Amino acid sequence: SDSETTTLNFLSGSNGLNIGRVEIEHASGLCLTSGAKLRLFRLDEVQRQNVHDTLLEMARLSYREFTKKKKKSGDEDDDYGFEQLKLFSEWLDTREGEPFTAVVDGANVAYFGFPELHYNQVERVVNKLKEMGENPLVVIPKKYTYRNFMLSSTGYSQTLDDRNFRVIER
């Protein structure tokens with residue numbers, strides 16, 4: 001019906017981190033919380049492939065620009081970022097199991113409110129999303145999956161304690 005809505009619930013943490021959903025009116029695309037009107041559009045297979053290919057090319061160009069200043073002889077080739085994203089895309093397309101319904105930026109969630117990473121925050125976000133019926137995918141840069149790594153925010157290194165490291169291993 002025209003009055004049908006999708007309800008999304010919020011979790012507000014004491015640290016200001018909010019996880020949530022809002023009500024979206026199906027017929028109008030109106031967010032009942034903010035009043036913003038969402039545009040819904042469908043892509044056919046050709047359009048979807050074009051968006052996919054364009055994003056991959058943008059990743060290639062961004063990676064080249066990012067690494068241009070740091071380039072040393074013998075470094076990874078200019079297409080490394082493109083190839084890694086392409087492998088990730090292929091994995092998403094061919095993996096078994098339920099589709100992911102939410103993406104968690106693990107490093108930003110882990111950094112939120114702190115100068116170092118706290119993976120227990122990622123764990124809380126993932127658990128809350130699962131309680132809300134979501135199937136989250138956590139994306140974390142490889143360097144943050146080691147027990148010891150350099151922190152982008154401070155230039156210092158961080159060594160994960162056992163509790164935080166166990167979160168990554170799951």
Side-chain angles (χ1 to χ4, degrees), residues 4-11 17-24 26 29 31 38-68 70-72 74-112 117-153 158 160 162-170:
E4 210 173 317
T5 62
T6 299
T7 302
L8 308 161
N9 303 312
F10 273 88
L11 164 72
L17 182 65
N18 295 314
I19 304 168
R21 298 181 184 202
V22 294
E23 281 194 338
I24 304 297
H26 289 192
C31 172
L38 304 177
R39 290 184 26 212
L40 174 65
F41 55 92
R42 299 193 191 284
L43 300 177
D44 62 33
E45 187 55 35
V46 171
Q47 292 169 319
R48 190 188 79 70
Q49 188 64 46
N50 186 42
V51 169
H52 175 270
D53 295 345
T54 300
L55 290 173
L56 281 174
E57 186 59 26
M58 289 170 65
R60 180 194 319 259
L61 297 174
S62 292
Y63 184 80
R64 284 180 182 167
E65 184 64 28
F66 177 76
T67 58
K68 190 187 319 185
K70 300 178 182 191
K71 202 75 162 159
K72 298 176 188 148
D75 275 357
E76 299 159 339
D77 67 78
D78 286 344
D79 290 334
Y80 177 79
F82 170 82
E83 294 300 329
Q84 292 300 305
L85 188 57
K86 187 175 173 186
L87 286 172
F88 179 66
S89 175
E90 290 168 0
W91 174 79
L92 284 174
D93 286 341
T94 59
R95 66 176 277 284
E96 299 287 322
E98 294 296 316
F100 294 110
T101 58
V103 178
V104 176
D105 180 345
N108 277 321
V109 171
Y111 264 125
F112 187 81
L117 278 81
H118 289 261
Y119 283 116
N120 58 330
Q121 292 191 152
V122 176
E123 184 176 45
R124 285 196 304 269
V125 167
V126 166
N127 289 341
K128 184 60 181 177
L129 287 167
K130 286 180 178 179
E131 286 174 21
M132 296 165 69
E134 300 294 345
N135 184 26
L137 168 66
V138 178
V139 179
I140 301 173
K142 185 176 181 177
K143 78 173 197 172
Y144 294 130
T145 64
Y146 300 111
R147 186 172 287 271
N148 191 306
F149 50 83
M150 293 299 293
L151 293 165
S152 299
S153 62
Q158 178 177 350
L160 296 176
D162 290 340
R163 183 173 187 273
N164 275 291
F165 197 68
R166 279 193 302 271
V167 172
I168 293 172
E169 290 178 322
R170 286 185 219 153

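It should be emphasised that the depicted structure is a prediction, and the values quoted were computed from it without experimental measurement.
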List, one per line, each side-chain donor-acceptor pair under 3.5 Å for residues 97-106, sequence neighbours excluded.
from, atom 1, to, atom 2, distance (Å)
T101, OG1, E134, OE1, 2.5
T101, OG1, N135, N, 2.7
D105, OD1, N108, N, 3.4
D105, OD2, N108, ND2, 2.6

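With sequence neighbours excluded, no residue satisfies side chain to side chain donor-acceptor pair (under 3.5 Å) with S62. With sequence neighbours left out, the salt bridge (charged side-chain N to carboxylate O under 4.0 Å, His left out) criterion links R48 to E45. Under the rule for a side chain to side chain donor-acceptor pair (under 3.5 Å), the partners of E123 that lie at least two apart in sequence or sit in another chain are R170. A search for salt bridge (charged side-chain N to carboxylate O under 4.0 Å, His left out) contacts involving E57 returns R60, not counting sequence neighbours. In terms of the salt bridge (charged side-chain N to carboxylate O under 4.0 Å, His left out) criterion, residue partners of D162 (sequence neighbours excluded) are, by chain and number, R147.
Here the closest non-hydrogen pair linking S89 and H52 is OG-NE2, 2.6 Å. The nearest pair of heavy atoms linking F149 to Y146 is CD2-O, 3.2 Å. Considering every non-hydrogen atom in both D44 and V46, the closest pair reads OD1-N, 3.1 Å. The two atoms that bring L129 and P136 nearest to each other are CD1-CB, 4.0 Å, heavy atoms only. Taking both residues in full, the closest heavy atoms of V167 and Y119 are given as CG1-O, 3.5 Å, listed atom of the first, atom of the second, then distance. Counting all heavy atoms, side chain and backbone alike, F88 lies closest to L137 at CZ-CD2, 3.8 Å.
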Go through the steps for R124 and K128 under the test side chain to side chain contact (heavy atoms under 4.5 Å, CB included), then give the verdict.
-> CA-CA 6 Å; R124 285 196 304 269; K128 184 60 181 177; over 6 Å; no
Given L160 and Y144, is the side chain to side chain contact (heavy atoms under 4.5 Å, CB included) satisfied, shown in steps?
-> CA-CA 10 Å; L160 296 176; Y144 294 130; over 6 Å; no
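Atom CD1 of I168 and atom OG1 of T145 lie 6.5 Å apart (nearest 0.5 Å). For the atom pair CG of L87 and CG of L92, the computed distance is 11.0 Å after rounding to the nearest 0.5 Å. Atoms CG and CG, on N120 and N127 in that order, are 11.0 Å from each other to the nearest 0.5 Å.
In this structure a side-chain-to-backbone donor-acceptor pair under 3.5 Å is missing from Q158 to N148. At least one donor-acceptor pair under 3.5 Å links the side chain of T94 to the backbone N or O of E90.
There is a side-chain donor-acceptor pair under 3.5 Å between Q49 and D53.
Contact annotation: the side chain of N164 never approaches that of L117 to less than 4.5 Å [non-hydrogen atoms, C-beta and beyond].
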